Amino acid sequence: MNTTYSDKEKIADALMTQKFVTGNYNSFANECAHPEVKRLALELLSDEHAIQHEIFTEMQNHGWYEVKAATEAAIQQAKTQLENSCC
């Protein structure tokens, strides 16, 4: 069976893969006991997040991933929730 995937399907798959990869690096970094290995894991995690963002931006540019604009009130509420959940 010869299946052809559209550009949208290919890039959506790439985004899902990056989400999986960042999740795994995040779990690894959280459970890493050696400081140097943890530093490397966090560096790799940052690189993978950058790749994920590039893919996400490309999808948005093609209209394949629409994000609803947040209101100022919703932004403030999210900031408050994040600030209150930290530390």
Side-chain angles (χ1 to χ4, degrees):
M1 179 177 179
N2 188 7
T3 305
T4 303
Y5 295 99
S6 68
D7 289 343
K8 180 180 179 180
E9 291 169 320
K10 290 175 190 175
I11 199 166
D13 183 64
L15 182 61
M16 293 304 296
T17 299
Q18 283 306 120
K19 288 179 179 183
F20 177 78
V21 168
T22 56
N24 285 337
Y25 274 124
N26 189 58
S27 293
F28 181 80
N30 283 339
E31 298 172 3
C32 190
H34 190 279
E36 184 60 21
V37 176
K38 183 176 183 106
R39 183 198 62 74
L40 179 59
L42 290 171
E43 185 178 307
L44 291 169
L45 177 61
S46 179
D47 291 346
E48 295 299 330
H49 272 292
I51 293 167
Q52 181 180 342
H53 188 268
E54 288 176 24
I55 295 168
F56 171 76
T57 300
E58 190 65 24
M59 289 186 75
Q60 280 190 307
N61 290 342
H62 282 89
W64 297 334
Y65 199 125
E66 294 185 34
V67 178
K68 186 172 82 172
T71 64
E72 187 61 35
I75 293 169
Q76 289 304 317
Q77 180 182 11
K79 285 172 64 175
T80 299
Q81 286 176 337
L82 288 171
E83 289 170 351
N84 291 337
S85 68
C86 179
C87 312

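As the structure is a prediction and not an experimental result, all values here were calculated from the model.
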Rounded distance [0.5 Å steps], CG in L44 versus CZ in R39:
9.0 Å

Check the pair E48, I51 against side chain to side chain contact (heavy atoms under 4.5 Å, CB included), reporting the backbone distance first and the verdict last.
CA-CA 5 Å; E48 295 299 330; I51 293 167; 3.9 Å; yes

When you group the ILVMFWY residues by side-chain heavy-atom contacts below 4.5 Å and let the links chain together, are F20 and M59 in the same group?
no

If hydrophobic clusters are built from ILVMFWY residues whose side chains come within less than 4.5 Å, do W64 and L15 share one?
yes

How far does NZ of K19 sit from CD1 of I55, to the nearest 0.5 angstrom?
10.5 Å

To the nearest 0.5 Å, atom CD of E31 lies from atom CG of N26 at 9.5 Å

In terms of heavy-atom contacts, K10 and Y5 come closest through CE-O, 3.2 Å

Where do K38 and A29 come nearest, in terms of heavy atoms and distance?
NZ-O, 2.8 Å

Indicate if I75 and L82 have the same hydrophobic cluster label, given that clusters are the connected sets of ILVMFWY residues with side-chain heavy-atom separations under 4.5 angstrom.
no

Heavy atoms only: give me the nearest L45-T22 pair and the separation to one decimal.
CD1-O, 3.4 Å

Is the F56 ring parallel, tilted or perpendicular to the H53 ring (thresholds 30°, 60°)?
tilted

For a side chain to side chain contact (heavy atoms under 4.5 Å, CB included) check, start with the C-alpha distance between E58 and E54, then their side-chain angles and the critical distance, and finish with the verdict.
CA-CA 6 Å; E58 190 65 24; E54 288 176 24; over 6 Å; no

Restricting to non-hydrogen atoms, name the atom on A41 and the atom on Y25 that form the minimum distance, rounded to 0.1 Å.
O-CD2, 4.5 Å

Interatomic spacing from CD1 in I11 to CE in M16 - rounded to 0.5 Å
13.5 Å

S46 (side chain) donor-acceptor with L42 (main chain) under 3.5 angstrom:
no

Y65 atom OH, over 12 foreign heavy atoms within 6.0 Å:
no

